[in-house]
Amino acid sequence: MPFPLFDAPPREPSAFVGFAGNIIDRQSEKRGDDDVSLALDDPATRVIVSGGGRIVLAQEDRGFRPFFKPMHAAALGARLEGAVLLGRDETGPLVAAPADITADLPAGFKAIDHRSVYVQGLIDPDALGALAQGAALLAWHASHRFCGRCGAETTMKAGGYKRACPACKAEHFPRTDPVAIMLAVTPDKCLLGRSPHFAPGMFSALAGFIEPGETIENAVRRETFEESGIRVGRVAYHASQPWPFPYSLMIGCFAEALSEELLPDLSELEACRWFGRDEVKAIIAGTHPDGIVVPPSGAIAAHLIKAWAAD
Ligand SMILES: [Zn+2]
């Protein structure tokens with residue numbers, strides 16, 4: 001008999017967002033310090049080449065391929081000595097390597113920024129999950145070369161899942177920065193805001209970093225109030241999304257609005273207002289008279305907005 005608390009949908013909502021479709025077996029309990037070099041000697045190994053917020057893709061007949069043999073990855077600029085092991089899938093080990101990606105890649109290869117790869121759906125969803133894992137890990141290594149305790153240069157261990165300090169013996173682990181992204185709702189309206197850097201016409205759910213010592217729910221209440229002046233009561237978790245810019249986890253929630261009078265923080269938001277359900281349905285359908293749009297379909301904000309509009 002199923003446990004009643006687990007009366008969940010057959011696929012959890014997080015499975016539908018971009019960057020989430022990661023099928024890699026991380027084998028986190030078995031990571032050894034020589035794992036990357038062993039993987040690079042394995043003929044089945046494939047390498048993601050990533051640098052400066054972009055990855056290298058090979059143009060093929062039906063789309064793009066993000067994986068290369070180690071030798072080919074090196075020829076495309078990958079620094080294999082800085083590679084990290086993502087884990088294994090049914091084909092073999094998967095590795096991500098940092099690269100100085102130059103403008104003059106050989107014909108048939110392109111360097112494309114992570115956001116475009118995801119928004120334009122250039123690679124299959126499983127590979128998008130591997131991209132997020134590799135990009136986040138490589139970004140952390142790039143900014144944590146030196147020991148935060150004593151300043152000595154640290155070395156990579158455990159296939160890239162640790163850095164160790166030879167001087168003071170401190171160990172440093174990759175971080176994930178939690179961000180709350182929330183849709184404040186009343187029975188018939190939801191709250192959307194617009195940052196100055198958004199594409200023209202775009203509105204989205206409000207969001208902000210969760211601070212040390214704060215629950216997800218309290219972060220949702222604090223950020224919603226700071227950005228919009230709206231007081232929030234109950235908070236319900238909906239879905240999460242790995243967000244490799246550089247290493248966040250977006251935690252998507254619905255928030256019960258207790259007030260409706262807006263007092264937006266105009267230093268953060270260019271605009272912030274309530275949208276009725278019919279208006280949101282028109283936005284989703286692409287028929288809003290003012291050309292208002294919401295983020296692309298893989299974004300967790302889009303999932304929150306669509307789930308609310310449909311219910
Ligand atoms: Zn140290």
Side-chain angles (χ1 to χ4, degrees), residues 19 22 24-42 45-56 70 73-74 76-88 93-102 111 113-114 129-180 207-216 218-219 222-223 240-251:
F19 295 120
N22 198 344
I24 292 173
D25 178 1
R26 295 172 180 244
Q27 300 184 332
S28 62
E29 297 301 311
K30 297 181 189 164
R31 287 179 189 132
D33 289 341
D34 56 354
D35 276 4
V36 177
S37 52
L38 289 174
L40 291 173
D41 288 338
D42 185 330
T45 291
R46 289 145 302 145
V47 181
I48 293 173
V49 179
S50 176
R54 300 188 294 167
I55 63 164
V56 177
L76 292 166
R79 295 191 305 277
L80 297 178
E81 69 280 7
V84 295
L85 180 64
L86 305 180
R88 292 176 162 271
L94 270 161
V95 162
D100 299 315
I101 298 174
T102 56
D113 68 279
H114 300 151
L131 181 162
Q133 185 186 354
L137 205 45
L138 291 173
W140 178 76
H141 283 288
S143 57
H144 291 78
R145 281 178 50 212
F146 297 94
C147 178
R149 184 193 279 173
C150 78
E153 187 157 9
T154 55
T155 52
M156 187 188 290
K157 301 280 184 187
Y161 276 81
K162 182 163 86 178
R163 295 191 75 89
C165 176
C168 77
K169 309 300 178 201
E171 294 183 324
H172 305 280
F173 297 92
R175 33 187 284 197
T176 295
D177 296 337
V179 175
F209 283 105
I210 298 172
E211 297 196 340
E214 193 170 45
T215 64
I216 296 170
N218 282 337
R222 175 183 56 76
E223 282 287 343
S240 61
Q241 178 177 38
W243 194 242
F245 304 102
Y247 27 71
S248 288
L249 177 68
M250 307 294 282
I251 302 171

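Whatever order the structure lists ligands and atoms in, that order sets their numbers, starting from 1. This one's a predicted model, so the numbers in the text were calculated from it and none came from an experiment.
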For the backbone of A135 and the side chain of S50, can you confirm whether one donor and one acceptor N or O come within less than 3.5 Å of each other? no

What's the verdict on side chain to side chain contact (heavy atoms under 4.5 Å, CB included) for L137 and Y161, showing C-alpha distance, side-chain angles and the deciding distance? CA-CA 8 Å; L137 205 45; Y161 276 81; 3.3 Å; yes

How long is the straight-line distance from [atom2] of [Y] back to [atom1] of [X], given to the nearest 0.5 Å?
X: L86; Y: I24; atom1: CG; atom2: CD1; answer: 4.5 Å
X: E214; Y: R222; atom1: CD; atom2: CZ; answer: 4.0 Å
X: M156; Y: H141; atom1: CE; atom2: NE2; answer: 4.0 Å

Protein N/O/S count near the Zn ion (ligand 1) (criterion: distance under 2.8 Å):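 Count of protein N, O, S atoms less than 2.8 Å from the Zn ion (ligand 1): 4.
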
More than 12 heavy atoms of other residues, nucleotides or ligands under 6.0 Å from CZ of R79: is that the case?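 For R79, atom CZ is crowded (more than 12 foreign heavy atoms under 6.0 Å).
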
